[in-house]
Number of protein chains: 2
Amino acid sequence: MMTTTAPAAARAMPRPPVAQHAVAERIADTLRLLQDHVVISRRIVHAGDSIYQAGEAFDTLHVINSGFFKTINLAADGREQVVGLHFKGDWLGFDGIAGGHYGCDAVALDTGEVWTVRYDALLAACARHVPLLGLLHSAMSREITRDRDSLLSLCTLSADARVAEFLRYWADAMAQRGLRHDQITLRMTRAEIGNYLGMTLETVSRALSRLSREQLIAFPERGRRDVSIPDVQALGAYVQRSVAPVSTTLQ
Amino acid sequence: MMTTTAPAAARAMPRPPVAQHAVAERIADTLRLLQDHVVISRRIVHAGDSIYQAGEAFDTLHVINSGFFKTINLAADGREQVVGLHFKGDWLGFDGIAGGHYGCDAVALDTGEVWTVRYDALLAACARHVPLLGLLHSAMSREITRDRDSLLSLCTLSADARVAEFLRYWADAMAQRGLRHDQITLRMTRAEIGNYLGMTLETVSRALSRLSREQLIAFPERGRRDVSIPDVQALGAYVQRSVAPVSTTLQ
DNA sequence: CGAGGCCTTGATACACTTCAATCCGAGTGG
DNA sequence: CCACTCGGATTGAAGTGTATCAAGGCCTCG
């Protein structure tokens, strides 16, 4: 405890492989506990609908029951940045707790259902039923971890690798939730993806073309919004390869 | 509520100006409440000491009583990324809650004091004294907001602007805490700063030289670890200028 | 059919990286 | 005390990944 100097970079970060279905189970637990202990208001949303907007007074947290969502950070000067993608079981609105106002926009990427709970009611429910508090904290913790992973990818990966990692992440999220993951439908335009990944839409397009040329992905439909991913692990390997360009096998 | 299409980018994000000393007060409250309701173990740390390391079992949360800290995310393949800077009153360790293991390294940048509390004891204390739970949630919420702001800067600002924003942020954090902020001591090497900001150390160095040439900062000491910031607002203005390069006054 | 989004692809420009040389300040030991 | 070393910082020159600009293609919808 409290080593003065960390050994080396070789110290591999464990990142325990998430047990299959552990995520699905956690999500089911979350939805069930909420249903049993808090007053929920359910809401169907469609692509483009916003769940909340930056600056609105914060009252409520939201849990995704189905659908796909993005969160967008806006700076005072108008800069817009997609800072997160959110799927079934994810919570939305944590950014509002501290300041009493939401800090970003949450927008539906397609049709879905959102469960909304009053934050004060949720806290009261947590007091009565402690496991709910555990779920809440875990969700916030995971959000922090996820944001940091985004920072890591953004700073350490090339544009092509970031696109590959983006697809891998999306497919992974689908797999963890028991949804189809060998073929995913990108619900964002190239411009949105580029914004999220810190590159232009042209670069996204070129990256997708290259990945397709290398058979890591394919476009099954005539339109290019559906991406089939024959082998998710190969995508991960591609990212790794781009990190250590010419694998120094000897040494 | 639930507008289908957001008006426009012009919609300025409020970002309420943090009332001066509100932060200092919150920090004082946090430290006092912790002292009064939880068993704390205090610890003096020195530059390079790690508070915890990625992969260690998560038991405890930490609050900075004094000093400066960085958090480093490590990928399985050895990539390292400074993902956060932390000052007095900040909490460390939230990333460990969800998985039961810390997700990054927390390292002291110089001498400081850290208060450590057991997470389970903290939860128990929160149950007895609810305001403590409010502080905890606010801290987590702020962490999320901060990470997203980092993403925004990283994706939308040029290298020079990112360095300026970094200095502005640091000075701001000092001011909010009632510490000296017209002159700050960078406790990181150019390489660390570059890693944090997603650029090389040479680019950091050049950016600092340019900022100095434009009189936005100065190096009072012979060594160049101390940076004096005559006018923080001018730094902010510099960032803005770089966002809208040739201010289109007409139009 | 034409119009308008969105996407792809090419040519060019440039911000940043990479590589390399030099400089500076802090220790260290003769 | 000075010479030496060593890590960190600065600065220049060349290289490159990505942005920018521009043209054209593909669906969808009216």
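Every chain is numbered from 1, with letters handed out A, B, ... down the list of sequences.
- In this pair, A/Trp170 and A/Phe166 present their aromatic rings perpendicular. The plane angle is above 60°, beyond the 30 to 60° band.
- For residues 200-210 of chain A, every residue pair satisfying the salt bridge (charged side-chain N to carboxylate O under 4.0 Å, His left out) rule, not counting sequence neighbours, is listed here: A/Asp160-A/Arg210.
- Taking every heavy atom of both residues into account, B/Arg177 and B/Asp90 meet most closely at NH2-OD1, 3.0 Å.
- Salt-bridge formation is not detected for the pair A/Arg142/A/Asp147: no Lys NZ or Arg NE/NH1/NH2 atom is positioned less than 4.0 Å from an Asp or Glu carboxylate oxygen.
- The separation between A/Leu208 atom CG and C/dT8 atom P is 6 Å, rounded to whole Å.
- A rotation axis mapping the C1' atoms of four pairs onto the next four is fitted at both ends of the helix from C/dC1-D/dG30 to C/dG30-D/dC1 over five pairs, and the angle between these axes is 20° to 10 degrees.
- Using a cut-off of 4.0 Å between Lys/Arg side-chain N and Asp/Glu carboxylate O, A/Glu165 and A/Arg168 are scored as salt-bridged.
- The 5' end of DNA chain D is approached more closely, in terms of each residue's nearest nucleotide, by B/Arg225 than by the other of B/Arg225 and B/Arg206.
- Between A/Glu143 and B/Arg148, at least one side-chain N (NZ, or NE/NH1/NH2) sits under 4.0 Å from a carboxylate O, which counts as a salt bridge.
- Using a 4.0 Å cut-off between a side-chain N of Lys or Arg and a carboxylate O of Asp or Glu, A/Glu113 and A/Arg43 do not qualify as a salt bridge.
- Near DNA chain C, meaning a heavy atom under 4.0 Å from it, residues 191-204 of chain A has A/Leu201, A/Glu202 in order of number.
- Using a 30° and 60° split on the angle between ring planes, A/Phe87 and A/Phe68 fall in the perpendicular class, above 60°.
- Remark: side-chain polar atoms of B/Arg162 are paired, donor with acceptor, to backbone N or O of B/Leu157 under 3.5 angstrom.
- A/Arg180 has a carboxylate O that lies under 4.0 Å from a charged side-chain N of A/Asp182, or vice versa, which qualifies the two as a salt bridge.
- Side chain of B/Asp95 to main chain of B/Gly103: a donor-acceptor pair is present (N/O by atom type, distance under 3.5 Å, no hydrogens or angles).
- B/Ser209 contributes a side-chain N or O that, together with a main-chain N or O of B/Ser205, makes up a donor-acceptor pair within less than 3.5 Å.
- Within residues 153-170 of chain B, the residues that have a heavy atom under 4.0 Å from DNA chain C are, in order of number, B/Ser158, B/Ala159.
- Between B/Arg190 atom CZ and C/dT17 atom P the separation is 15 Å, expressed in whole Å.
- Read 5' to 3', the first and last nucleotides of DNA chain D with an atom closer than 4.0 Å to a heavy atom of chain B are D/dA9 to D/dA13.
- Taking CG from B/Asp172 and CG from B/Leu167, the interatomic distance works out to 12.0 Å, rounded to the nearest 0.5 Å.
- At a threshold of 4.5 Å between non-hydrogen side-chain atoms, the residues B/Leu151 and A/Leu154 count as touching.
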With 3.5 Å as the limit, what N/O pairs link the protein to nucleotides 21-28 of chain C?
none

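- Although no hydrogens or angles enter the test, the distance criterion places no donor-acceptor pair under 3.5 Å between the side chain of B/Asp105 and the main chain of B/Ile72.
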